[in-house]
Amino acid sequence: MPELPEVETIVRDLRPHLVGARVAGVHLGHPAAIRHPDPPAFAAGLAGARLGPIRRRGKFMLLGCRGPGLPRGTALIVHLGMSGTLCLSAAGEPRRPHTHLVLDLGADRELRFVDPRRFGRLLLGPPAALERLGRLPRLGPEPLGPAFTADWWHACLRRTRRAIKAVLLDQRVVSGCGNIYADESLFLARVHPQRPADRLTRAAGEAVRRALPIVLRQAIRSRGSSIADYRDGFGARGAAHESLFVYGRQGLLCVRCRTPLRRTQVAGRTTVFCPCCQR
DNA sequence: CACGACACCTGCCGGC
DNA sequence: TGCCGGCAGGTGTCGT
């Protein structure tokens with residue numbers, strides 16, 4: 001699914017169209033997509049609400065919502081799971097299968113959440129309160145923000161024997177990195193994905209910490225990776241998958257040393273790396 | 001506590 | 001052609 005660059009692209013696409021819009025109607029699809037509150041309360045809370053600021057936190061999207069009966073700081077919180085999309089559509093456009101939420105925004109516009117695999121999640125409420133209730137996970141620092149410091153990162157690495165790739169995927173350590181950009185960052189840093197985190201040299205750990213924002217920013221510039229389901233806020237594909245170095249390229253030659261890239265499993269996830277460059 | 005295994009879903013692709 | 005296994009960008013839970 002969408003990782004940080006894909007979610008960031010959608011947020012930037014939707015922001016100018018959603019802020020200030022009023023929700024004239026709500027249509028729910030599969031109720032399992034809605035994690036909080038129960039579906040009737042979720043729909044009732046959104047109906048008539050005014051949409052405010054939209055932002056990203058890790059792989060979550062948060063759309064501010066104001067309305068009668070909604071607590072201060074309420075947001076519509078969307079996680080896209082593996083196959084979710086959040087797109088602005090013309091109201092007349094036929095709804096795709098697996099459309100689980102439609103917000104009628106008037107002026108012939110609809111915001112649609114489509115998610116075939118239903119790993120995505122929708123919540124409505126103040127994020128801090130949902131975190132306290134255990135409905136939202138506590139996320140680590142943003143990798144593109146000032147809190148992703150060398151001190152924090154190396155303290156996290158020193159504390160665990162897990163593979164470095166598992167640490168990159170742990171949203172409590174750093175939020176927003178997924179399987180594609182973990183592999184890409186480790187390739188750029190020349191670090192083997194299986195290396196136990198506590199056995200990395202300081203320099204190697206630093207190389208990973210520095211590679212991650214570079215990889216993520218590049219992917220944002222390319223509007224995200226559309227390998228299968230991902231689409232931007234208007235339903236179009238991104239281009240970041242066209243310039244990946246390792247992800248999905250097992251058997252092809254390393255762009256640096258021409259060694260065939262190898263595929264393995266790390267932390268239960270398919271992992272591609274260069275056995276020559278990454279140590 | 002830390003970690004790995006597994007579950008949760010649908011769709012698509014390749015092999016037989 | 002059709003069936004079946006394997007695989008997919010994520011994460012919550014459970015058992016060791």
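Residue numbering restarts at 1 for every chain, and letters A, B, ... go by the order of the sequence lines.
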Original post:
Are more than 12 heavy atoms from other residues, nucleotides or ligands located less than 6.0 Å from atom CZ of A:Arg15?
Top reply: yes
Original post:
Would one find a side-chain N or O of A:Gln171 under 4.0 angstrom from OP1 or OP2 of C:dG10?
Top reply: no
Just the atom pairs and distances: protein N or O near nucleotides 2-6 of chain B's N or O, under 3.5 Å.
| from | atom 1 | to | atom 2 | distance (Å) |
| --- | --- | --- | --- | --- |
| B:dC3 | OP1 | A:Thr160 | OG1 | 2.5 |
| B:dC3 | OP1 | A:Arg161 | N | 3.3 |
| B:dC3 | OP2 | A:Thr160 | OG1 | 3.0 |

Original post:
Which of the following nucleotides, B:dT10, C:dG10, C:dC7, is nearest to the side chain of A:His98?
Top reply: B:dT10
Original post:
Does A:Val173 offer a backbone N or O that forms a donor-acceptor pair with the side chain of A:Trp153 under 3.5 Å?
Top reply: no
Original post:
Does A:Tyr181 have any side-chain hydrogen bond (donor to acceptor under 3.5 Å, both in side chains) partners at least two apart in sequence or in another chain, and if so, which?
Top reply: A:Glu6, A:Ser225
Expected rows: protein N/O vs nucleotides 7-9 of chain B N/O, under 3.5 Å:
| from | atom 1 | to | atom 2 | distance (Å) |
| --- | --- | --- | --- | --- |
| B:dC9 | O3' | A:Arg118 | NH2 | 3.1 |
| B:dC9 | O2 | A:Arg117 | NE | 2.9 |
| B:dC9 | N3 | A:Arg117 | NH2 | 3.4 |

Subject >> Pi-cation contact, A:Phe245 with A:Arg256 (under 6.0 Å, within 45°) >> reply: no
Original post:
What is the minimum heavy-atom distance between A:Leu86 and A:Ile10, and which atoms define it?
Top reply: O-CG2, 3.7 Å
**OP:** Verify the contact: side-chain N or O of A:His79 to OP1 or OP2 of C:dG10, cut-off strictly under 4.0 Å; return yes or no.
**Re:** no
Original post:
Rounded to the Å, how far apart are A:Met82 CE and C:dT11 C1'?
Top reply: 10 Å
Using the 3.5 Å cut-off, write out each protein N or O paired with an N or O of nucleotides 12-16 of chain C and the distance between them.
| from | atom 1 | to | atom 2 | distance (Å) |
| --- | --- | --- | --- | --- |
| C:dG12 | OP1 | A:Arg121 | NH1 | 2.7 |
| C:dG12 | OP1 | A:Arg121 | NH2 | 2.9 |

**OP:** Say whether A:Thr270 and A:Gln265, considering side chains only, have a donor N or O and an acceptor N or O under 3.5 Å apart.
**Re:** yes
**OP:** Go ahead and write out DNA chain B as dot-bracket, 5' to 3': ( ) for pairs within the strand, [ ] for ones crossing earlier pairs, | when the partner sits on another strand, dots for unpaired; Watson-Crick or G-U wobble, both distances under 3.5 Å.
**Re:** .|||||||.|||||||
Original post:
So, the side chain of A:Asp183 versus the backbone of A:Val272: is there a donor-acceptor pair under 3.5 Å, distance only?
Top reply: yes
Original post:
Quantified in whole Å, what is the P atom distance between nucleotide C:dG6 and nucleotide B:dC6?
Top reply: 14 Å
Original post:
Under 3.5 Å, side chain of A:His241 to main-chain N/O of A:Ser226, donor-acceptor pair present?
Top reply: yes
**OP:** Return yes when atom CZ of A:Arg237 has more than 12 non-hydrogen atoms of other residues, nucleotides or ligands closer than 6.0 Å, and no otherwise.
**Re:** yes
**OP:** Rounded off to whole Å, could you give me the OH-to-C1' distance for the A:Tyr247 and C:dA8 pair?
**Re:** 7 Å
Subject >> Listed partners of A:Gln194 passing side chain to side chain contact (heavy atoms under 4.5 Å, CB included), at least two apart >> reply: A:His192, A:Thr264, A:Val266
Original post:
Within this structure, what is the CG-to-P distance between A:Asp170 and C:dG10, rounded to whole angstrom?
Top reply: 13 Å
Original post:
Hey, does the side chain of A:Asp232 reach the backbone of A:Thr9 with a donor-acceptor pair shorter than 3.5 angstrom?
Top reply: no
**OP:** Let me know the distance between CZ of A:Arg269 and P of C:dG10, rounded to the nearest Å.
**Re:** 4 Å
**OP:** Using modelled atom types only, decide if a donor and an acceptor are shared between the side chain of A:Arg135 and the backbone of A:Arg35 within a distance under 3.5 Å.
**Re:** yes
Original post:
Which part of the nucleic acid does A:Asp229 contact within heavy-atom distance under 4.0 Å: base, sugar-phosphate only, or nothing?
Top reply: base
Subject >> Value in whole Å for how far the P atom of C:dG10 lies from CG of A:Leu136 >> reply: 18 Å
**OP:** Would you check if A:Glu142 and A:Arg56 make a side-chain contact, meaning some heavy-atom pair closer than 4.5 Å?
**Re:** yes
Original post:
If we take the P atom in both C:dC14 and B:dC9, what is their distance in whole Å?
Top reply: 15 Å
Original post:
Rounding to a whole Å, what distance do you find between A:Leu80:CG and C:dT11:P?
Top reply: 10 Å
**OP:** Round to a whole Å and report the spacing from CG of A:Asp198 to P of B:dC1.
**Re:** 19 Å
Original post:
In whole angstrom, what separates A:Asp183's CG from C:dG10's P?
Top reply: 10 Å
Original post:
Is the backbone of A:Tyr230 close enough, under 3.5 Å, to the side chain of A:Thr85 for a donor and an acceptor to pair up by distance?
Top reply: no
